[in-house]
Peer 1: 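I have a structure I would like to understand better, so I am pasting it below and will then ask my questions one at a time.
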Amino acid sequence: MNIPGVLVAAGALIMLALGTAHLVFTFFGPKLLPRDPSLIEHMKAVSPVITRETTIWRAWIGFNATHSYSAMLFGLVWGYLGLAWPELLFGSAFLSGLGLVTLLAYIPLGRLYFFSLPFRGILLANALYVSGLVLAHT
């Protein structure tokens, strides 16, 4: 068993789980809806300055979905690399660095714009990923 690869995959799995939960919450149930129902109606009636071809509501749904997709894609790709191709992942400064930069970029976003549960998940995913990288290179 490749422990560094398993650590990277574990961090990736956290991101996959966060992204999947976010996608489900985007399209099903009230978890990502504003607490004020009148705000939803206003968001559906107003377009952003950049275009009149969409509404703030449609953009909100689209941004949430694509945000989910990016976390899910990270989880799937780096989880796969960690488990099936650890020598490729750890042998490539580009792949291991891209994964690190991507995860690190989630930290300030999570701190500034998310709530505590996803932020702690992002921190744990980072810790697992970095641990895998350190172990692979020692």
Side-chain angles (χ1 to χ4, degrees):
M1 179 185 332
N2 185 308
I3 298 300
V6 170
L7 289 170
V8 165
L13 179 63
I14 290 169
M15 296 304 290
L16 176 60
L18 289 171
T20 301
H22 192 88
L23 186 65
V24 170
F25 294 157
T26 296
F27 291 107
F28 305 102
K31 300 228 184 256
L32 291 180
L33 297 179
R35 292 182 188 271
D36 180 353
S38 67
L39 179 57
I40 296 171
E41 294 310 311
H42 195 62
M43 291 171 73
K44 288 180 178 180
V46 176
S47 62
V49 172
I50 195 169
T51 184
R52 294 189 186 279
E53 294 175 5
T54 191
T55 64
I56 297 295
W57 181 254
R58 287 176 42 213
W60 162 261
I61 297 298
F63 295 149
N64 275 291
T66 56
H67 169 69
S68 301
Y69 294 161
S70 72
M72 293 167 70
L73 179 64
F74 179 89
L76 290 169
V77 171
W78 271 265
Y80 175 76
L81 289 171
L83 294 177
W85 295 98
E87 61 281 347
L88 175 63
L89 174 61
F90 298 124
S92 169
F94 175 77
L95 288 173
S96 57
L98 180 61
L100 179 61
V101 168
T102 301
L103 277 180
L104 289 173
Y106 276 100
I107 293 174
L109 291 175
R111 178 69 178 104
L112 292 171
Y113 301 110
F114 304 164
F115 53 98
S116 62
L117 179 67
F119 179 61
R120 287 193 307 261
I122 290 165
L123 291 177
L124 180 57
N126 270 275
L128 290 164
Y129 190 91
V130 169
S131 297
L133 288 181
V134 168
L135 279 176
H137 294 290
T138 55

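Here the structure is a predicted model, which is why all the values come from computation and not from measurement.
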Peer 1: Is any side-chain heavy atom of His22 closer than 4.5 Å to one of Pro118?
Peer 2: no

Peer 1: Would you say Val130 ends up clustered with Phe119 if hydrophobic residues are merged whenever their side chains have heavy atoms under 4.5 Å apart, either directly or through other cluster members?
Peer 2: yes

Peer 1: Less than 4.5 Å apart, side chain to side chain, heavy atoms only: is that true for Leu133 and Pro4?
Peer 2: no

Peer 1: Which heavy atom of Ser68 sits nearest a heavy atom of Gly19, and at what distance?
Peer 2: CB-O, 3.3 Å

Peer 1: Which atoms form the tightest heavy-atom contact between Thr102 and Leu98, and what is the distance?
Peer 2: OG1-O, 2.7 Å

Peer 1: Below 30° counts as parallel, above 60° as perpendicular, anything between as tilted: where do the rings of Tyr129 and Phe74 land?
Peer 2: tilted

Peer 1: Give a yes or no on whether Trp85 atom CH2 has more than 12 heavy-atom contacts from other residues, nucleotides or ligands under 6.0 Å away.
Peer 2: no

Peer 1: Spell out, yes or no, whether Leu23 and Leu76 are grouped together once hydrophobic residues are joined by side-chain heavy atoms under 4.5 Å, including indirect joins.
Peer 2: yes

Peer 1: What is the distance from atom CZ of Phe63 to atom OG1 of Thr66, rounded to the nearest 0.5 Å?
Peer 2: 7.0 Å

Peer 1: How far apart are the closest heavy atoms of Gly82 and Val8, and which atoms are they?
Peer 2: CA-CG1, 4.5 Å

Peer 1: Decide yes or no for Phe27 and Asn64: does some side-chain heavy atom of the first lie under 4.5 Å from some side-chain heavy atom of the second?
Peer 2: no

Peer 1: Taking all non-hydrogen atoms of both residues, which atom of Thr54 and which atom of Ser47 are closest, and how far apart?
Peer 2: O-CB, 3.1 Å

Peer 1: Do you reckon Leu83 sits in the same ILVMFWY cluster as Leu16, going by side-chain contacts under 4.5 Å, direct or chained?
Peer 2: no

Peer 1: Search all heavy atoms of His137 against all heavy atoms of Phe90 and return the closest pair with its distance.
Peer 2: CE1-O, 3.1 Å

Peer 1: Flag yes if Phe28 and Met72 sit in one hydrophobic cluster, no otherwise; membership is Ile, Leu, Val, Met, Phe, Trp, Tyr, and two members link when side-chain heavy atoms are under 4.5 Å apart.
Peer 2: yes

Peer 1: Would you give the length of the straight line joining atom OH of Tyr69 to atom OG1 of Thr26, rounded to the nearest 0.5 angstrom?
Peer 2: 9.0 Å

Peer 1: Hydrophobic clusters here meaning ILVMFWY residues chained together by side-chain heavy-atom distances under 4.5 Å, can you tell me if Val77 and Leu100 are in one?
Peer 2: yes

Peer 1: Atom CG in Leu109, atom CZ in Phe114: separation rounded to 0.5 Å?
Peer 2: 5.5 Å

Peer 1: Please check if the side chain of Thr138 supplies one atom and the backbone of Leu135 the other of a donor-acceptor pair under 3.5 Å.
Peer 2: yes

Peer 1: With side-chain contact (heavy atoms from CB on, under 4.5 Å) as the criterion, how do Met15 and Trp78 come out once you've worked through the C-alpha distance, each side chain's angles and the decisive distance to 0.1 Å?
Peer 2: CA-CA 10 Å; Met15 296 304 290; Trp78 271 265; over 6 Å; no

Peer 1: Please tell me whether His67 and Tyr113 form a close aromatic pair, meaning their ring centres lie under 6.0 Å apart.
Peer 2: no

Peer 1: Taking atom CD1 of Ile122 and atom CD1 of Ile107, what is their separation to the nearest 0.5 Å?
Peer 2: 8.0 Å

Peer 1: At what distance, to the nearest 0.5 angstrom, does CD of Glu87 lie from CG of Leu81?
Peer 2: 10.0 Å

Peer 1: Do other residues, nucleotides or ligands put more than 12 heavy atoms under 6.0 Å from Leu112 CG?
Peer 2: yes

Peer 1: Do you know which of Ile14, Asn126, Leu123 makes side chain to side chain contact (heavy atoms under 4.5 Å, CB included) with Leu103?
Peer 2: Asn126

Peer 1: Rounded at 0.5 Å granularity, tell me how far CG in Leu88 sits from CG in Leu95.
Peer 2: 5.5 Å

Peer 1: Please report the shortest heavy-atom distance between Asn2 and Gly5, naming the atom on each side.
Peer 2: OD1-N, 2.8 Å

Peer 1: If you define the side chain from C-beta out and look only at heavy atoms, does anything of Val46 sit under 4.5 Å from Thr55?
Peer 2: no

